[in-house]
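All chains are named by letter (A, B, ...) in the order of the sequence lines, taking the proteins before the strands, and each is independently numbered beginning at 1. In this text the structure is predicted, and so the values were computed from the model without any measurement.
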There are 2 protein chains.
Amino acid sequence: MGVDCHHTESAHPGLEGVALADAVAAAVNKCERTRERLTPPRRRVLELLLEADGPMKAYDLIAAYGHDGEPAKPPTVYRALDFLERLGFAHRIESLNAYVPCRMEGTSHRAAFLICECCGAAQEFEPDFAPQFAAAESAGYAVRTVTLEARGLCPACKVEA
Amino acid sequence: MGVDCHHTESAHPGLEGVALADAVAAAVNKCERTRERLTPPRRRVLELLLEADGPMKAYDLIAAYGHDGEPAKPPTVYRALDFLERLGFAHRIESLNAYVPCRMEGTSHRAAFLICECCGAAQEFEPDFAPQFAAAESAGYAVRTVTLEARGLCPACKVEA
DNA sequence: GCAAAACTGTTATGAAATAACATAACTAAA
DNA sequence: TTTAGTTATGTTATTTCATAACAGTTTTGC
């Protein structure tokens with residue numbers, strides 16, 4: 001994926017400057033309201049996700065972690081990712097082994113992505129799972145989290161192919 | 001998952017005897033009709049998936065591969081899994097790094113699972129993605145495959161919890 | 001037959017994630 | 001404001017998951 005593709009990932013360009021600062025501030029505020037601790041490593045990993053143009057691999061985050069070029073130790077980043085996922089600030093994209101910042105409101109533990117197999121872009125969207133899980137829950141299942149990953153070609157890559 | 005759970009995985013008990021032979025024969029027939037080759041390693045991995053009581057990890061398959069206890073080499077199993085997925089005989093469950101035989105008709109490249117976080121059972125079900133992807137496709141996306149993974153508690157584990 | 005394609009066997013390595021344990025920082029109750 | 005409990009971090013090492021690369025074999029179509 002992405003190897004034979006000249007497109008830039010465009011679904012969610014990375015944040016910088018004021019936009020980045022605003023996004024981080026919003027996370028800080030939300031944590032303060034809920035008495036959660038957005039500690040330095042957690043905040044740093046969130047920044048890296050927000051700055052990125054597309055899904056980030058854990059070891060990309062590890063390599064980019066230090067402002068001075070020093071990598072993080074793996075557990076530092078994996079723990080921060082656990083926290084960010086738990087609070088709904090980030091999602092893991094299972095089929096890519098990669099992570100993105102959440103683009104949707106709230107902490108719904110429901111995430112859905114359209115993933116381009118050419119350029120690697122991942123577009124988050126708001127799914128409607130209600131009909132599926134009415135059935136599941138009436139059969140006795142207690143659904144806690146749901147992830148949906150649709151793979152294919154984004155509009156730009158589809159044109160070229 | 002499964003560690004603190006006394007339940008047996010019950011969603012799809014492993015096949016044996018005639019049922020197993022029938023399932024394998026159905027795969028053989030389907031391959032003959034489509035001129036695909038269900039070679040010995042592919043068939044062996046399919047058998048192992050069908051015999052299992054729940055999702056199998058790749059290295060579980062590797063360890064169980066030889067009838068004499070000899071493990072397979074990793075590429076042998078991963079190649080067989082690629083084939084089985086491509087033909088719709090098996091699905092990878094991304095959030096478990098594990099594999100199950102397909103329980104549904106056809107080769108739709110659409111799979112949906114209810115995964116119990118207590119006992120590890122994975123129940124395949126037939127989703128209705130139509131409304132989601134009408135929107136995606138009208139926005140220019142060409143969707144190729146879809147996977148949905150819902151995590152929570154199955155009826156048996158929910159009762160105990 | 002012969003060449004191309006598909007498949008297998010094998011060695012080695014790369015990528016992703018966590019176990020385990022020591023230390024430090026918050027929090028709240030006595 | 002000590003102290004106990006909890007939560008988070010730092011660090012080393014290891015485990016788990018997956019693929020690259022290449023040689024050799026079988027199948028398929030011309």
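Between Cys102(B) and Gly88(B), the closest heavy-atom pair is CB-O, 3.2 Å.
One finds a side-chain N or O of Arg92(B) lying less than 4.0 angstrom from the OP1 or OP2 phosphate oxygen of dA18(D). For Lys73(A) and dT12(D), the shortest distance from a side-chain N or O to OP1 or OP2 is below 4.0 Å. Taking only side-chain nitrogens and oxygens, Tyr78(B) comes nearer than 4.0 Å to OP1 or OP2 of dA18(D).
Using a cut-off of 4.0 Å between Lys/Arg side-chain N and Asp/Glu carboxylate O, Arg144(A) and Glu117(B) are scored as salt-bridged.
Looking at heavy-atom distances under 4.0 Å, Pro41(B) makes contact with sugar-phosphate atoms alone, never a base. Within 4.0 Å of Tyr99(A), counting heavy atoms only, lie sugar-phosphate atoms of the nucleic acid but no base atom. Residue-level contact check: Arg79(B) touches the bases, meaning some heavy atom is under 4.0 Å from a base atom.
When DNA chain C is scanned 5' to 3' for any atom under 4.0 Å from a heavy atom of chain B, the first and last hits are dA6(C) to dT11(C).
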- Decide yes or no on side-chain hydrogen bond (donor to acceptor under 3.5 Å, both in side chains) for Glu124(A) and His91(A), but give the supporting numbers first. CA-CA 10 Å; Glu124(A) 185 171 359; His91(A) 299 294; 3.2 Å; yes

- Item | Worked verdict on Arg92(A) versus Glu94(A) for salt bridge (charged side-chain N to carboxylate O under 4.0 Å, His left out) | CA-CA 6 Å; Arg92(A) 173 180 164 79; Glu94(A) 299 284 353; 2.9 Å; yes

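Within a 6.0 Å sphere centred on CZ of Arg103(A), heavy atoms belonging to other residues, nucleotides or ligands number more than 12.
A side-chain donor from one of Glu149(A) and Ser95(A) sits under 3.5 Å from a side-chain acceptor of the other.
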- Dot-bracket for DNA chain C: what is it, with Watson-Crick or G-U pairs under 3.5 Å, [ ] where a pair crosses earlier ones, and | for a pair to another strand? ||||||||||||||||||||||||||||||

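Take the nearest nucleotide of DNA chain C for Asn97(B) and for Pro74(B): the residue whose nucleotide is more 5' is Pro74(B).
Closest approach to the Arg37(A) side chain among dT19(D), dT11(D), dA8(D) is made by dA8(D) (side chain taken as heavy atoms from C-beta onward).
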